[in-house]
Each structure stands twice: as structure tokens, then as C-alpha cells.
Amino acid sequence: MERNDIAAVLDEIATLLELTGENPFKIRAYSSGARVLEGLAEDLDVLIAEGRLADVPGLGEALVEKITVLRRDGALPFHQKLRASVPAGLLEVLQIPGLGPKKVRALWKELGVEDLAKLKEVCEAGAVAELKGFGAKTQTKILEGIKNRVAYGKRHRWYQAAAVAEPILAGLRALPQVVHAESAGSLRRNRETVGDLDFLVASSDPAPVMDWFVARPGVKEVTAHGETKSSVRFENGLQADLRVVPAAQFFFALHHFTGSKEHNVAMRHRALGRGLSMSEWGFKPVDGGTVAPGAASEEEVFRALGLPWIPPELREGNGEIEAAEAGALPDLVRHEQIRGVFHNHTTESDGDATLEQMAAAAEGRGWEYLGVSDHSKSSFQARGLDEARLAAQVAAVARLNASGRFRVRVLAGSEVDILRDGTLDFADDVLAGLDFVVASVHNLFTLDREAQTARIIRAVENEHVDMLGHLTGRLINRREPYEVDIPKVIDACAANGTCIELNANPWRLDMDWRWWRHAAEKGVLCSINPDAHDVEQLGFTEHGVRVARKGWLTAGQVLNTRPLAGVLDWLGR
DNA sequence: GCCGTTTTCGGCCCGACTGTTTTCAGTCG
């Protein structure tokens with residue numbers, strides 16, 4: 001069984017244990033074990049073989065044993081037994097807002113609820129309202145939750161959430177009662193998807209702010225309306241929370257609600273080690289004696305714990321606190337450091353803008369170079385170029401550069417298809433005539449993991465391939481990544497000096513941020529590629545920068561922060 | 001189940017809000 005599948009089993013064990021009423025700390029150990037496993041930088045097989053898995057913080061004797069069995073056998077008797085003891089449908093019941101393990105367990109034991117259908121039935125019969133600890137309101141809320149479970153469970157892609165958040169944040173800042181306003185949560189951490197919006201406001205007069213918030217257009221339901229917290233649900237299912245705190249607590253609250261949960265747990269642990277209890281309201285001395293430090297900025301929150309400010313993107317509990325303590329936080333790449341972009345399309349294949357329009361737009365963005373890489377002939381659905389059309393495009397690019405019409409230098413490339421066996425859609429002598437080559441998989445997504453990995457590695461090994469396009473083919477919320485051994489591909493890229501693309505299309509954001517730190521440590525260069533199909537989409541680059549930052553990347557690790565001369569030098573042209 | 005300046009047991013982050021209760025349990029983040 002592969003690593004992420006093992007992590008999924010650990011998560012399921014945690015959920016099943018909740019329903020059986022297990023010790024919450026044991027449950028936490030399983031889910032945090034799953035997170036640790038997902039974030040493992042080293043090869044799992046190597047760690048198991050060398051007996052070093054138990055050295056990983058968060059993995060003890062029991063989890064090491066279970067992970068080892070799952071890796072070896074693909075199944076775990078403990079897990080199977082647990083599954084058999086809990087109706088499978090209860091996992092869905094647990095997804096209904098307002099229903100946690102205790103309530104689900106009561107519904108199961110008292111009313112025989114084993115799935116959503118039965119839950120709906122007992123609610124409609126009025127039996128739930130009669131149950132101890134339940135009532136009429138809860139029953140209504142459950143029915144609503146069942147009806148809307150698809151919309152409520154959905155996570156939204158970052159830029160969709162950002163588009164909803166921006167006007168609300170601007171509106172909050174314009175209110176006379178508001179001193180500070182920020183968005184927090186996964187939006188601030190630049191996650192690829194956002195489950196709900198978190199707004200944070202500093203004000204000494206919260207009531208009007210709360211009232212303004214719950215009256216936003218598009219609000220379908222107000223799920224909480226208190227003194228410091230209100231929650232609303234929009235028509236599209238997106239939930240938004242607003243917290244209002246006094247100005248003195250604002251930066252503690254901002255830190256707290258930015259998260260992640262794992263980061264906060266680690267910070268609180270660190271605070272306790274210094275005799276301080278930490279919450280969204282600030283520090284409190286554990287012994288009640290000394291005066292706890294306040295904070296007039298987020299920097300001061302970190303400084304109080306002996307740390308430099310940690311950028312929100314890094315706050316995932318992946319070693320950012322240790323890095324901060326060691327003075328080893330990366331100087332994250334910034335959007336203004338981008339000097340040009342590769343991998344863009346024109347009307348020659350499936351783009352909507354001509355070569356000239358794209359060049360003009362790139363120049364307008366102040367870039368020094370623009371890589372054009374239309375599809376190759378196998379991608380006939382995208383009007384892929386054959387050798388003759390490619391030669392004509394290369395000539396057109398040369399003429400455009402020679403004309404002096406634009407200061408931006410256009411680089412002639414190709415997004416060449418990787419064929420089934422890992423050979424490429426163009427012969428080596430054709431590729432040799434290009435400024436750069438992006439190799440991408442566009443078909444056969446269902447090859448098994450071994451075949452897909454071998455196919456991609458063979459392409460990476462071609463001396464003419466400069467970068468590997470959208471490594472996993474995922475479309476966020478729409479299509480799962482295909483099966484591929486990412487660490488092996490990273491190793492192959494490192495060995496062959498091949499760059500990996502960070503495809504900045506907001507549907508893709510591929511390779512995923514979770515792998516970049518590891519890839520960079522292996523010496524693999526990143527290229528942030530918009531994969532633009534029109535002039536507007538050149539702006540996707542900023543999504544790519546956000547993901548690169550989340551992946552701990554510095555400017556030095558991103559190819560297209562280099563000036564034109566440096567890029568030409570790297571390409572060997 | 002994990003972990004150790006609390007070291008093989010006994011802790012484990014902290015608080016708001018709701019609904020069902022007459023003081024608090026459960027959920028959520």
C-alpha cells in the first residue's frame with residue numbers, strides 16, 4: 001500500500017475510534033500520525049528497512065508496527081475488525097454539521113441509525129427530538145444538513161474563496177467601528193482549497209460589526225451570532241466566520257485563527273515550556289505570578305516565544321518552528337522577483353491569443369522573456385503542431401525577436417507529449433532546434449503506478465527535455481492525480497538536471513506544494529509556469545508564486561527569477 | 001497512542017457558541 005493510502009487508513013481508524021468512544025488522545029495520535037506520514041520527506045521503504053521510522057516524531061511503537069504491516073500487506077487486521085464493528089454509513093452521518101461522535105453514537109445505539117437514509121427517516125418521524133440531549137432545533141438542523149450535504153462538504157479552490165472574501169474584508173475595513181481587519185485560516189495560509197472563510201476584526205464595539213456581517217448579500221443561514229463570533233452560510237455552501245476582539249488581543253487572535261491546528265498545538269506546547277499558557281486571547285502565566293507579554297504585532301507574538309515571524313504559508317506544522325528557532329526559515333520567493341515565464345500557448349494550438357498579443361502582454365507585465373510552447377501533434381484535440389507547423393512557428397518567433405517590436409525576448413519551445421512508452425512526440429533533432437522543451441502527459445491517465453512512473457522518468461532522461469509539465473495531471477476538485485511515484489520522479493529530475501514545473505493554473509497547482517521543499521533539497525529547480533491560454537492567464541503566475549512559497553521555495557530555487565542571460569545560460573542555448 | 005527539565009506514568013491546547021438544560025455537554029475550529 002502507498003503512503004497516502006496508509007495515511008487514509010490511519011485517518012479512518014481515528015474516525016472509527018471516535019464512534020466507538022475511544023480516548024480522544026489516542027484518536028489524535030492516529031490522525032496526527034496520518035499527517036506526519038503524508039509529510040514525510042524521506043522514502044518510507046528506506047525508513048522501514050533501516051528501522052528509523054520510530055525516530056520520526058509522532059510515530060511510536062504501535063503506529064510504526066501498523067504502518068509497516070499496511071505497507072507490506074496492504075491491509076491491517078486491527079483496521080478490518082474495527083470496520084466490521086461500526087456500520088460504514090455512520091462515517092457519512094458524522095459529516096453532517098452539528099453531529100460529532102457522541103451524538104452519532106447516541107443515534108446509532110438508541111435509534112438504530114446506521115446510515116443517512118435511516119437518519120432522515122427517524123428525523124422525519126420526530127424521534128430524534130425526543131432523544132436525551134437532542135431537541136426540535138437539532139432535528140431540523142440535521143434534516144437541513146442531509147439535504148445540503150454535497151454543498152456543505154465541498155472545499156472551494158483558493159481563488160474562488162478569495163473572490164468572496166475580498167469584498168467582505170474591504171467592507172469590514174470601511175466600518176467606523178473597525179480598527180484592524182484581516183482574513184485568516186486556510187485562505188491566509190495559501191492552501192489550494194479553502195473550507196470556510198475566517199475574518200478577524202479588532203473593535204471595541206462588536207455588535208454593529210456582527211450585525212453588518214450576518215446581513216451580507218448571499219447569506220442563506222446564520223449559524224451563530226454571538227458577542228465575539230458569528231457564522232454564516234452562503235447560498236453556494238461556503239461558510240464564513242467572523243470574530244471580533246479588542247485591539248489588544250487582535251494579533252494573538254490573528255495568529256490563532258490563521259492556524260494551522262498543528263502549528264497552534266506546537267506553539268502552545270512551546271509556550272508552556274516557557275511557563276505561559278497561550279490562547280487566542282493572549283498569554284497567561286501558568287503559575288499566575290509573572291506578567292504575561294502582550295503583542296502589538298504578529299511579530300511580537302512569535303518574539304515572545306523566542307522566534308522570528310513565520311510566514312503564514314509555512315504554518316502547517318511541518319517543522320517551521322524548528323526552522324525558525326534555528327534561524328533557517330527560507331527567504332520565500334516573491335511575485336516581483338519573477339522575470340519571465342515558460343509554458344504558454346497561442347492560437348497556433350489551443351490558445352486564444354496570437355504570438356504577438358502574448359508577447360505584448362508579457363512586456364506589459366515587465367517581463368524579460370516569454371516562453372511559447374504549443375502542444376505537439378499527438379494532442380490533436382488541442383490542435384497540436386506537427387513538425388512543419390512547429391518549424392514555421394520557430395521561424396515566426398525568430399522574425400518577431402529580430403523585428404525589435406518588443407523588448408521582451410520570445411523563446412520558442414514546445415509542450416511535447418510524453419507517449420505511452422516515455423518516448424516523445426518529436427524526434428531528438430526536432431527538439432534540439434528549440435529554445436526549451438516542456439514534456440507533459442496528456443493521456444493514458446489510468447496506467448498503473450509503475451508504468452506511469454517509468455514512462456515519465458524516461459521522458460525526464462531525454463537530454464532535450466528542460467522541464468516536466470504538470471507532474472500528476474490533477475484538476476483540483478475535479479480529477480484525481482494519476483498514480484505516479486513522485487519521489488522517484490524527483491530523484492530522476494535531480495539526476496538529469498531537469499526542472500519540474502509548478503503549473504500555476506488554479507485548477508492544477510501541480511506539482512503540489514507538499515513536495516517542493518523535498519525536491520529543492522534534492523537540488524531540483526522549479527519553474528513557475530502559468531500555462532496561459534490567453535493574455536489574462538499570464539496572471540496565473542501569482543497563484544504559482546503562492547504555492548511556491550507554501551513549498552518553502554526561495555528565489556534561487558525558481559528558474560524564472562533569473563534574468564534572461566541566466567535563463568539562456570541554464571538552457572544551454 | 002505519544003512523550004519525557006513531569007522520563008515508564010500521567011499528562012496531552014484552549015475557548016466560544018448552541019441547544020437543551022436549569023449548570024453543562026457536545027461540537028467546532
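In what follows, chains are A, B, ... by sequence order, proteins preceding strands, each numbered from 1. Because the structure is a prediction, the values reported are computed rather than measured.
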Distance check needed: [N] [atom2] versus [X] [atom1], whole Å only.
{"X": "A:Asp55", "N": "B:dC3", "atom1": "CG", "atom2": "P", "value": "10 Å"}
{"X": "A:Phe283", "N": "B:dG15", "atom1": "CZ", "atom2": "C1'", "value": "16 Å"}
{"X": "A:Lys229", "N": "B:dT27", "atom1": "NZ", "atom2": "P", "value": "14 Å"}
{"X": "A:Lys261", "N": "B:dC14", "atom1": "NZ", "atom2": "P", "value": "15 Å"}
{"X": "A:His255", "N": "B:dG15", "atom1": "NE2", "atom2": "P", "value": "15 Å"}
{"X": "A:His263", "N": "B:dC14", "atom1": "NE2", "atom2": "C1'", "value": "15 Å"}
{"X": "A:Glu227", "N": "B:dA16", "atom1": "CD", "atom2": "C1'", "value": "10 Å"}
{"X": "A:Asp241", "N": "B:dA16", "atom1": "CG", "atom2": "C1'", "value": "11 Å"}

Which of residues 97-116 of chain A have a heavy atom under 4.0 Å from DNA chain B? A:Pro97, A:Gly98, A:Leu99, A:Gly100, A:Pro101, A:Lys102, A:Lys103
In residues 15-31 of chain A, which residues come under 4.0 Å of DNA chain B by heavy atom?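 Per residue number, the list reads A:Asn23, A:Phe25, A:Lys26, A:Arg28, A:Ala29, A:Tyr30.
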Sticking with atom [atom1], work out how far [N] lies from [M], rounded to a whole angstrom.
{"N": "B:dT18", "M": "B:dC12", "atom1": "P", "result": "28 Å"}
{"N": "B:dC28", "M": "B:dT23", "atom1": "P", "result": "25 Å"}
{"N": "B:dC14", "M": "B:dC9", "atom1": "P", "result": "25 Å"}
{"N": "B:dG11", "M": "B:dC17", "atom1": "P", "result": "30 Å"}
{"N": "B:dT8", "M": "B:dC3", "atom1": "P", "result": "16 Å"}
{"N": "B:dA16", "M": "B:dG10", "atom1": "C1'", "result": "29 Å"}
{"N": "B:dT21", "M": "B:dG29", "atom1": "P", "result": "24 Å"}

By nearest atom, which of the nucleotides B:dC14, B:dT18, B:dC3 is closest to the A:Pro57 side chain?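 Nucleotide nearest to A:Pro57's side chain: B:dC3.
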Among B:dC17, B:dG29, B:dC2, the one nearest A:Ala62 by side-chain distance: B:dC2
Taking only N and O in the side chain of A:Thr223, is any of them less than 4.0 Å away from OP1 or OP2 of B:dT18? no
Can you see if the side chain of A:Ser277 gets near the phosphate of B:dC14 - specifically, an N or O under 4.0 Å from OP1 or OP2? yes
Non-neighbouring partners of [X] that pass side-chain hydrogen bond (donor to acceptor under 3.5 Å, both in side chains), sequence neighbours left out:
{"X": "A:Arg191", "answer": "A:Glu316"}
{"X": "A:Gln557", "answer": "A:Thr554"}
{"X": "A:Thr193", "answer": "A:Arg155"}
{"X": "A:Glu50", "answer": "A:Arg52"}

Salt-bridge present (A:Arg173, A:Glu182; N to O < 4.0 Å): yes
Base paired to B:dC9 (Watson-Crick or G-U; both N/O distances under 3.5 angstrom): B:dG4
Touch check for [X], heavy atoms < 4.0 angstrom, all strands: base, sugar-phosphate only, or nothing?
{"X": "A:His225", "value": "sugar-phosphate"}
{"X": "A:Met267", "value": "nothing"}
{"X": "A:Gly259", "value": "nothing"}

Solution key, residues 272-285 of chain A side-chain donor-acceptor pairs under 3.5 Å, sequence neighbours excluded:
{"unit_1": "A:Ser279", "atom_1": "OG", "unit_2": "A:Trp281", "atom_2": "N", "d": "3.0"}

Just so I know, are the side chains of A:Leu254 and A:Phe251 near enough to count as touching, which here means a heavy-atom distance under 4.5 Å? yes
According to the interplanar angle, ranging from 0 to 90°, do the rings of A:His543 and A:Phe540 count as parallel (below 30°), tilted (30 to 60°) or perpendicular (above 60°)?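 Rings of A:His543 and A:Phe540: tilted, 30 to 60°.
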If the plane angle is over 60° it's perpendicular, under 30° parallel, otherwise tilted; pick one for A:Phe78 and A:Tyr30.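 Judged by the thresholds at 30° and 60°, the geometry between A:Phe78 and A:Tyr30 is parallel.
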Identify every side-chain donor-acceptor pair in residues 67-74 of chain A under 3.5 Å, counting partners at least two apart or on other chains, and give the distances.
{"unit_1": "A:Thr68", "atom_1": "OG1", "unit_2": "A:Val64", "atom_2": "O", "d": "2.6"}
{"unit_1": "A:Arg71", "atom_1": "NE", "unit_2": "A:Asp45", "atom_2": "OD1", "d": "2.7"}
{"unit_1": "A:Arg71", "atom_1": "NH1", "unit_2": "A:Met1", "atom_2": "O", "d": "2.8"}
{"unit_1": "A:Arg71", "atom_1": "NH2", "unit_2": "A:Asp45", "atom_2": "OD1", "d": "3.4"}
{"unit_1": "A:Arg71", "atom_1": "NH2", "unit_2": "A:Asp45", "atom_2": "OD2", "d": "2.8"}

Which nucleotides of nucleotides 19-24 of chain B have their base under 4.0 Å from a protein heavy atom (B), which only their sugar-phosphate (S), and which neither (-), written as one string 5' to 3'? SS----
Can you list everything that forms a ring-ring contact (aromatic ring centres under 6.0 Å, His included) with A:His225? Sequence neighbours excluded, please. none
Run the ring-ring contact (aromatic ring centres under 6.0 Å, His included) test against A:His79 and tell me which residues pass, sequence neighbours left out. none
A:Phe78 or A:Leu272, whichever maps to the more 5' nucleotide of DNA chain B: A:Phe78
Sorted by chain and residue number, the side chain to side chain contact (heavy atoms under 4.5 Å, CB included) partners of A:Glu325 (sequence neighbours excluded) come out as A:Arg270, A:Leu307
